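Take a look at the structure set out below.
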There are 2 protein chains.
Amino acid sequence: MINYELYKVFYWAAKTGSLTQAAKALFLTQPSVSHAIKQLEDSFGVTLFYRNSKGVALTHEGAVLYSYIEQSQILISLAEKKMAELKNLDSGELKIGGSDSLFKHYLLPFLEDFHRQHPGITLSLIHGTTPEVITFLKEGRIDLGVVRMPIVDPQLEVREGIQLQDCFVAGAHYAELKNKTMSFNMLLQYPIILFSRNSRARMAVTELFHDYGYELKPEIEVGSVDLLIELARKGLGISYVTREFVSKELEEGSLFEIRLDVQLPPSQVGIMIMRNMPLSSAAKTFIERVR
Amino acid sequence: MINYELYKVFYWAAKTGSLTQAAKALFLTQPSVSHAIKQLEDSFGVTLFYRNSKGVALTHEGAVLYSYIEQSQILISLAEKKMAELKNLDSGELKIGGSDSLFKHYLLPFLEDFHRQHPGITLSLIHGTTPEVITFLKEGRIDLGVVRMPIVDPQLEVREGIQLQDCFVAGAHYAELKNKTMSFNMLLQYPIILFSRNSRARMAVTELFHDYGYELKPEIEVGSVDLLIELARKGLGISYVTREFVSKELEEGSLFEIRLDVQLPPSQVGIMIMRNMPLSSAAKTFIERVR
DNA sequence: AGGAGATATAGACGGTATCTATGATCAATT
DNA sequence: AATTGATCATAGATACCGTCTATATCTCCT
């Protein structure tokens, strides 16, 4: 089998029309190039160059070979350029899985920053529930996932992100509850609005109530955090939301937090990646920035 | 600079999805392949494969590289296949320069034979006078030339071919000259038809007459051997032609040779190639066959 | 738990790619 | 015609590195 390194030498010899020039381009000596060409000629059993005192010129056979090798070498240089781009984050793709609310309230500043610094990298945000995101990750459809902890999966490696605090909030309609400390029992007298069944936060709070001997059953169930907030503002009930996601509404007073006599458990955001799987350069730097 | 040999290894590893399989395809051991891939990854600073117990799979970066390298490697294999074809004379081109009459009366059987054995090779017959053929040869427009000897040119290498004998012939109109031995003087009483001025044979015979103290001036001058023959048959004069080229007409009696008291000099056909220039495989074998 | 199959690592060896030095050839210049 | 300055070719020595064997590590499957 022919050593492909020889084609590199052949390419430069043909391109420059001189073994000496080829040697310079390849940081070799002229005899090395001469030897390499000879090897190629011997293995094909064909003469590739006419030699004269001015340099070399392709024979018909050499020209045929060159027509293929030139393309081949050009592709390789393109490949090398592309790889350098990927390495330098001048091009590439970064695919992140998670929930829209986490993208919006947690990742957004990092994403903005990253995109400003590496405009050549395409950002793909793929929406999904926690189990879906885990599947995406395992199928290689995303580089990393952003979800609520805890995640227990031996195939995954999770880094803790910021801590979030879920809470119950209500709007002006329930103004009488403001500054009142309530028990679970009292709370359950009011219509409750929860996120859809398969959400991590929903499951956690349901379980908490269960531990205290109560059943948390929502009046209304919605599929988007924005809707959760909107319904609470309109006075349709008391929504269970992440405090950090309604900071604006709490500040402006369109929503207020229900004070409870029980401390609701905080939830940790985690950035998860596949364990023992290499990260793309883009993913690597992005995760570093987020920490 | 990256050793292009590594791309060959990368190609097979990606293609087979297994370092072990790649090693088999390349007649290497698995550690060699593993090492080669590592080298590539190190020089790009990027991970190219996910490794697991089933084999390897391309990372995003690896897939990008593969999209280039695959094409490149395919081109190289095509090149190698093509070179083998050229070597085996399954494809290629053979360009020969010379006069139409030499092609027709001398080279034709060889050409037929060669073409039958190597139908993949394109035959190009390029018509020209001796000096033109020499120019073609020096410019690389033909592989070899077939001309009358002698050729004196230090850049050329000439092999002798068959010997030809020029002679004067006439048709039925001059039947009285048949079997008569004539002198130059007698011959000059008749209208002479000669080939155009710059022909090798014409120059030789003119010089011969001159040496004997005669001036050979044609009544008619033509540019094709066929015409030379035709005019003689029609009785417009006595043509100076190559005997081997009118063997058919001499046999069937439509022409007869004028017997002279002086032996006309024979002329040698030569196959000429560039000295110190490599021949294409096609040209090499063709010349060998002609000998 | 153990085996089969994958890749990674370590260290030794040998082939060969590369170098230096020199020769041969040609072309242009003096 | 001799000289100079290019080119490529050849020979022989050296050292690098590509490849090997042996072994470790990991994962999956029985």
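Remember, it's a predicted structure, so these values are computed and weren't measured experimentally.
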Without placing hydrogens or testing angles, list every side-chain donor-acceptor pair under 3.5 Å for residues 117-125 of chain B, not counting sequence neighbours.
unit_1: B/Gln117; atom_1: OE1; unit_2: B/Arg289; atom_2: NH2; d: 3.4
unit_1: B/His118; atom_1: NE2; unit_2: B/Arg289; atom_2: NH2; d: 3.4
unit_1: B/Ser124; atom_1: OG; unit_2: B/Glu93; atom_2: OE2; d: 3.4

Shortest non-hydrogen separation from B/Val158 to B/Gly270 and the atoms involved: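 What the structure gives for the nearest pair is CG1-CA, 4.0 Å.
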
A/Gly161 to A/Tyr106 - nearest heavy-atom pair and separation: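 That would be CA-OH, 3.6 Å.
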
With a cut-off of 3.5 Å and sequence neighbours excluded, list every side-chain donor-acceptor pair involving residues 22-39 of chain B.
unit_1: B/Thr29; atom_1: OG1; unit_2: B/Ser32; atom_2: OG; d: 3.1

Could you tell me whether [X] contacts a base, only the sugar-phosphate backbone, or nothing, with contacts defined as non-hydrogen atoms closer than 4.0 Å?
{"X": "A/Gln30", "value": "base"}
{"X": "B/Gln39", "value": "sugar-phosphate"}
{"X": "B/Thr29", "value": "base"}

First of B/Ser32 and A/Ser18 reached from the 5' end of DNA chain D, by closest nucleotide: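 The 5'-side residue here is A/Ser18.
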
Toward the 5' end of DNA chain C, by each residue's nearest nucleotide, A/Asn52 or A/Asn3: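 So the residue in question is A/Asn3.
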
Nearest-nucleotide comparison on DNA chain C, the residue closer to the 5′ end among A/Leu28 and B/Ser34: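 By nearest-heavy-atom nucleotide position, the 5'-most residue is B/Ser34.
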
Let me know the distance between [atom1] of [X] and [atom2] of [N], rounded to the nearest Å.
{"X": "B/His35", "N": "C/dA6", "atom1": "NE2", "atom2": "C1'", "result": "19 Å"}
{"X": "B/Met1", "N": "C/dA17", "atom1": "CE", "atom2": "P", "result": "17 Å"}
{"X": "B/Leu19", "N": "C/dT9", "atom1": "CG", "atom2": "P", "result": "12 Å"}
{"X": "A/Glu5", "N": "C/dA17", "atom1": "CD", "atom2": "P", "result": "10 Å"}
{"X": "A/Lys54", "N": "C/dA28", "atom1": "NZ", "atom2": "P", "result": "5 Å"}
{"X": "A/Asp42", "N": "C/dT16", "atom1": "CG", "atom2": "C1'", "result": "15 Å"}

Presence of B/Arg51 side-chain N/O under 4.0 Å of C/dA8 phosphate oxygens OP1/OP2: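 For B/Arg51, the contact criterion (side-chain N or O under 4.0 Å from OP1 or OP2 of C/dA8) is met.
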
Short side-chain N/O contact from B/Ser53 to OP1 or OP2 of C/dT7, under 4.0 Å: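 For C/dT7, OP1/OP2 do not have a side-chain N/O of B/Ser53 under 4.0 Å.
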
Geometric class of the B/Tyr11/B/Tyr66 ring pair [parallel <30°, tilted 30-60°, perpendicular >60°]: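 The rings of B/Tyr66 and B/Tyr11 lie parallel, inter-plane angle below 30°.
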
Contact boundaries on DNA chain D for chain B, cut-off under 4.0 Å to non-hydrogen atoms: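 Listing 5' to 3', DNA chain D meets chain B from D/dG18 to D/dC29.
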
Short side-chain donor-acceptor distance under 3.5 Å, A/Ser101 and A/Ser99: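 Yes, because at least one side-chain N or O of A/Ser99 sits under 3.5 Å from a partner of the opposite role on A/Ser101.
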
Pair A/Phe10 + A/Tyr7: ring centers closer than 6.0 Å: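 Not close enough - the centres of the two rings lie 6.0 Å or further apart.
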
